[in-house]
There are 2 protein chains.
Amino acid sequence: MPAGPTANPMRARFRRQVRDDVKRVALGQLATGGPQAISLNAIARELGVSGPALYRYVAGRDELLTALVVDAYDDLRDALAGALEAGAPPASARAARPVTRVARAYRQWALAQPHRYDLLFKPPIPGYDAHADERATAARSLMGVLLAASTASVPGGASAPDAEPGGAPPAYSHDAVLAERGSGSARFGLAVSVWSCLHGVASLECGGSFAAMRLDADALFEREVQVLEERIARSGPGSAAPSPG
Amino acid sequence: MPAGPTANPMRARFRRQVRDDVKRVALGQLATGGPQAISLNAIARELGVSGPALYRYVAGRDELLTALVVDAYDDLRDALAGALEAGAPPASARAARPVTRVARAYRQWALAQPHRYDLLFKPPIPGYDAHADERATAARSLMGVLLAASTASVPGGASAPDAEPGGAPPAYSHDAVLAERGSGSARFGLAVSVWSCLHGVASLECGGSFAAMRLDADALFEREVQVLEERIARSGPGSAAPSPG
DNA sequence: TCATAGTTGTTAGAGCCTCTAACACCAGCA
DNA sequence: TGCTGGTGTTAGAGGCTCTAACAACTATGA
């Protein structure tokens, strides 16, 4: 595997595309057989190439896994951002509130690819936190959208620091997320609470726990989102409960 | 591996103990290296026996994994039940409310063994739901304790169908859990909400998401539990929001 | 035009894993 | 004494990850 980025731009593009192919096949394996089913050998076979060739493009199985995690975070973030923008002010008045929209998108994303979703929350191996930084960065990026959504759902507090004139809720930039956390604002705490709640419901449903009890997951989810929105409404711009952090 | 239970009771006891040894070593591997680190070969080595010998006691790696899952559910349930009983009426008046006690025990159990906790919520492999029944039964058993705790935390609604005269909150029996779900009661819905919330926070913390953002997980958790208790208090015995089911 | 350096593929193989097959041993019992 | 069932062994098939050594191809500069 070449150390740095190849000088030749054609080569660079080629390398990028092969890497994407590898990840695409890996995603398929992940979907059908879980993380255990991801095998570099099998990927190579499917790509019509023989075994060790892949090591020119991927450092190893672990590196591939973390790449999948980072991609998943980004993909989920984009999905949520899309749902958030889809109902921004110049939209139908009947559009659901921001957090509700984002929550539904979150659940749908998780349900559509449960193993990929599950991958995001695997506990790290103690004493071996490889790639922890990349994961953390991607997670903060996701938090940015949740932060924007929670802020937009607070009645009277819809406009955030860098809101655009058009009124669309801003997807918080990475730096803004850091600043918001640092300030220990209630906004950030609320966003974390939203994430916890969404993750709890989505993860249990993905894991099959609801199905095992024959629960109506749709109704359950909608009720939780409703509770969440009420909680956000209660914690209006006046209340200033300090956020942990 | 012998098909049925061995006739000889000495043999049976021995078999059970060896199986426990296997699971004990597997738990160690799980704690230090995650599920991927669980290896029958390595377990055999550690037990001073050679490879295939373990197949006399364990059908295979998958079966061992599900056994670990079921055991974990039972262990977690016992921990929660202990926390629930620890503050039952003939206890200090300063004891926290039932759901708060159970919530703290839940979090501590998960944090003490993150990979074991994570194991409980792995999405099943599509089209291959081996041992789904055992898992579901164990999960319902866990729900029983959460149901008892939620019920006990509702002001004025502390006594449950089969409450003991002493006033100790009952750990719902398996049948009672099924009946309660079937009735579509608000109690059951509340218990599921409690579980979702607890799982959301515990899972995110186990996965390192909070640490990645330098959040104060203690404060965050306590606040969520507080919100949960308030929600339970609001949904007093009067309100009868139907539960999904 | 040709040599050279860098990139990308190949096969061979070490070492791990799961799990099966075939065989040896040993206790209890008719 | 010989049989049976439980338990261990080794051998081995087939999979995996990943490294090493080598062949081929490509772009570039003399």
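Lettering follows sequence order; numbering is per chain, from 1.
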Nearest whole angstrom, please: distance from the [atom2] of [N] to the [atom1] of [X].
| X | N | atom1 | atom2 | answer |
| --- | --- | --- | --- | --- |
| A/Asn41 | C/dG13 | CG | C1' | 13 Å |
| A/Gln36 | C/dC17 | CD | C1' | 11 Å |
| B/Arg13 | D/dG6 | CZ | C1' | 17 Å |
| B/Met10 | C/dC29 | CE | P | 13 Å |
| B/Leu40 | C/dT20 | CG | P | 11 Å |
| A/Asp62 | D/dT17 | CG | C1' | 10 Å |
| A/Phe14 | C/dT8 | CZ | P | 7 Å |
| B/Arg61 | C/dC16 | CZ | P | 17 Å |

Original post:
Between residues 43-54 of chain A and DNA chain C, which residues have a heavy-atom gap below 4.0 Å?
Top reply: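 Nucleic-acid contacts, sorted: A/Val49, A/Ser50, A/Pro52, A/Ala53.
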
**OP:** For atom CD of A/Gln113, decide whether the heavy atoms of other residues, nucleotides or ligands shown that lie under 6.0 angstrom number more than 12.
**Re:**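 More than 12 within 6.0 Å, yes.
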
Original post:
Do other residues, nucleotides or ligands put more than 12 heavy atoms under 6.0 Å from A/Gln108 CD?
Top reply: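 Open.
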
Subject >> Salt-bridge present (B/Asp218, B/Arg107; N to O < 4.0 Å) >> reply: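 Here B/Asp218 pairs with B/Arg107 in a salt bridge, since their nearest N and O are under 4.0 Å apart.
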
For [X], give me all partners under side-chain contact (heavy atoms from CB on, under 4.5 Å), at least two apart in sequence or on another chain.
| X | answer |
| --- | --- |
| A/Ala67 | A/Arg19, A/Lys23 |
| A/Cys206 | A/Ala110, A/Leu111, A/Pro114, A/Tyr117 |
| B/Glu224 | A/Ser193, A/Arg231, B/Cys197, B/Val201, B/Leu220 |
| B/Pro35 | B/Leu30, B/His115, B/Leu119, B/Lys122 |

**OP:** Find the bend of the helix from C/dT1-D/dA30 to C/dA30-D/dT1 as the angle between its two terminal axes (five pairs each), to the nearest 10°.
**Re:**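 The angle separating the two end axes equals 30°.
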
**OP:** Between D/dT7, D/dT26, C/dC19, spot the one nearest the side chain of A/Arg11, thanks.
**Re:**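 When the side chain of A/Arg11 is considered, D/dT26 is the closest of D/dT7, D/dT26, C/dC19.
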
Subject >> Minimum-distance nucleotide to B/Tyr57 side chain [options: D/dT17, D/dG8, C/dT7] >> reply: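 My answer, after comparing the listed nucleotides, is D/dG8.
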
Tell me whether the side-chain N/O atoms of [X] come closer than 4.0 Å to OP1 or OP2 in [N].
| X | N | answer |
| --- | --- | --- |
| B/Tyr55 | D/dG6 | no |
| B/Ser39 | C/dC16 | no |
| A/Arg56 | C/dT10 | no |

**OP:** Starting at OG of A/Ser196, measure out to CZ of B/Phe210 and round the result to the nearest 0.5 Å.
**Re:**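 One gets 3.5 Å once the value is rounded to the nearest 0.5 Å.
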
Original post:
Hey, what do you get for CG (B/Leu54) to CG (B/Leu64), rounding to the nearest 0.5 Å?
Top reply: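 If we round to the nearest 0.5 Å, B/Leu54:CG and B/Leu64:CG are 9.0 Å apart.
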
